[in-house]
Each structure stands twice: as C-alpha cells, then as structure tokens.
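Basis for what follows: all heavy atoms, side chains included, without hydrogens, waters or symmetry-related copies.
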Amino acid sequence: MHDSCTPVVRAVRGATRADADEPALIEAATGELLTALMEGNGLVGDDLISILFTVTPDLTSAYPARAARELGLTEVPLMCATEIPVPGALTRTIRVLAHVYTSRSRASLRHVYLGGTAVLRPDLAAVPADRTGSLPQGD
C-alpha cells in the first residue's frame, strides 16, 4: 500500500479504430484516444513515463507515435509494434499502454475504449465523450 497522495507507477490501457489505413486517419484517431485517456485520468505530459502503441496488421501507413509527438509529447519514450494477426480480430485497431505516475488508485483509473473497441475489454472500458485538442503539458 502507499499513501494516496504519493504518486506511483500505474499502467493505463485504451484502444480505438481508424476509419481507413491513411496517415491522417490513424493520427486523428490516436490523438483523440490520447486526449481522452489523459483528460479522463487527470494526467499531464510530465506524468507520462512511456507509451507502447500497437496496431493491427492492416494499419501500415503511419506510426501512431507521430500523433503523440504532434500533441506535444516530444520527451516521452514511445514505441510502436504490430499486433499478432489473430483470426477474427477487430480490424484497423490502435491500442495503447501508457505507463504513468499518478496518485489515483488502480481501481479509479479510466481505461479508454473508443470507436467500438469496448468489446476488447468490456471489464475495463469507460468510454468518455469524444474529445479533441492538445494535451496539457506539465510544468
């Protein structure tokens, strides 16, 4: 256990889908996902330790990490990978696993599943209203 005011390392999950394999659509979907994930958990850029993005094998035209850089997350380590091609899996899916410093309990974290991806983890899905815009950056 830890003091509820002391930040600890936690992992936050999320996913979304791109409408097509086009760089602008992949980046827009990823930006929307990151914004919702950060707003939903009260996070700023300085709270991020690292982010792992995965995409389904049908998304090859852009790196989701580029959207994070466009949102100002230029000092956060980012990595992209391809999901294993499981038969029947959702197509055009972008997943994120963000490691963060937070004083929130594990149970109070908001995992964000947009664009019909709540079926991936209905036990974690807490879908906030669609949001767009820049992420808040810490001091």
Query raised in the report: Would a distance-only check, ignoring hydrogens and angles, find a side-chain to backbone donor-acceptor pair under 3.5 Å from Thr56 to Thr93?
Result: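 Yes, Thr56 side chain to Thr93 backbone: donor-acceptor pair under 3.5 Å.
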
Report task. Say whether, by atom type as modelled, one donor and one acceptor occur between the side chain of Thr30 and the main chain of Ala67 under 3.5 angstrom. Result ->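 Absent.
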
Identify the heavy atoms of [X] and [Y] that sit nearest to each other, and give their distance.
X      : Y      : answer
Ile26  : Ala62  : CD1-N, 4.0 Å
Gly40  : Arg110 : O-CD, 3.3 Å
Pro7   : Tyr101 : CB-CB, 4.4 Å
Ala29  : Thr16  : O-CG2, 3.5 Å
Thr117 : Ala15  : OG1-O, 3.0 Å
Asp47  : Gly42  : OD2-O, 4.0 Å

Nearest-0.5 Å distance, [atom1] of residue [X] to [atom2] of residue [Y]:
X     : Y      : atom1 : atom2 : result
Leu97 : Arg13  : CG    : CZ    : 6.0 Å
Leu59 : Cys80  : CG    : SG    : 11.0 Å
Glu70 : Leu34  : CD    : CG    : 12.0 Å
Asn41 : Arg104 : CG    : CZ    : 5.0 Å
Glu27 : Glu32  : CD    : CD    : 14.0 Å
Leu37 : Leu48  : CG    : CG    : 8.5 Å

Report task. For the residue pair Val9 and Ile49, establish whether any side-chain heavy-atom pair is separated by less than 4.5 Å. Result ->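 Of all side-chain heavy-atom pairs linking Ile49 with Val9, at least one is under 4.5 Å.
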
Query raised in the report: Is there side-chain contact between Val112 and Leu33, with at least one heavy-atom pair below 4.5 Å?
Result: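 Yes - at least one pair of side-chain heavy atoms lies under 4.5 Å apart.
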
With the 4.5 Å side-chain cut-off for hydrophobic clustering, are [X] and [Y] part of the same group?
X      : Y     : answer
Phe53  : Leu71 : yes
Val55  : Leu90 : no
Val100 : Met38 : yes
Leu114 : Ile51 : yes

Requested in this report: Might you work through the side-chain contact (heavy atoms from CB on, under 4.5 Å) test for Arg17 and Thr91, ending with a clear yes or no?
Outcome: CA-CA 8 Å; Arg17 296 180 76 204; Thr91 58; 2.8 Å; yes

Query raised in the report: Step by step, would you call Leu109 with Arg10 a side-chain contact (heavy atoms from CB on, under 4.5 Å)?
Result: CA-CA 9 Å; Leu109 290 174; Arg10 300 263 188 237; 3.8 Å; yes

Requested in this report: Scan side-chain atoms only and decide if Glu22 and Ser61 contain a donor-acceptor pair under the 3.5 Å cut-off.
Outcome: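 Result is no, nothing qualifies.
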
Requested in this report: Examine the side chains of Thr60 and Asp21 and answer whether a donor and an acceptor come within less than 3.5 Å of each other.
Outcome: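 Side chains of Thr60 and Asp21: pair found under 3.5 Å.
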
Query - side-chain contact (heavy atoms from CB on, under 4.5 Å) assessment of Val96 paired with Ile94 - result: CA-CA 7 Å; Val96 62; Ile94 303 160; 6.0 Å; no

Query raised in the report: Passes side-chain contact (heavy atoms from CB on, under 4.5 Å), Arg95 versus Leu120? Steps please.
Result: CA-CA 10 Å; Arg95 291 175 175 86; Leu120 296 171; 3.4 Å; yes

**Report entry** Whether over 12 other heavy atoms sit under 6.0 Å from Arg92 CZ
**Finding:**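 Counting other residues, nucleotides and ligands, CZ of Arg92 exceeds 12 neighbours.
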
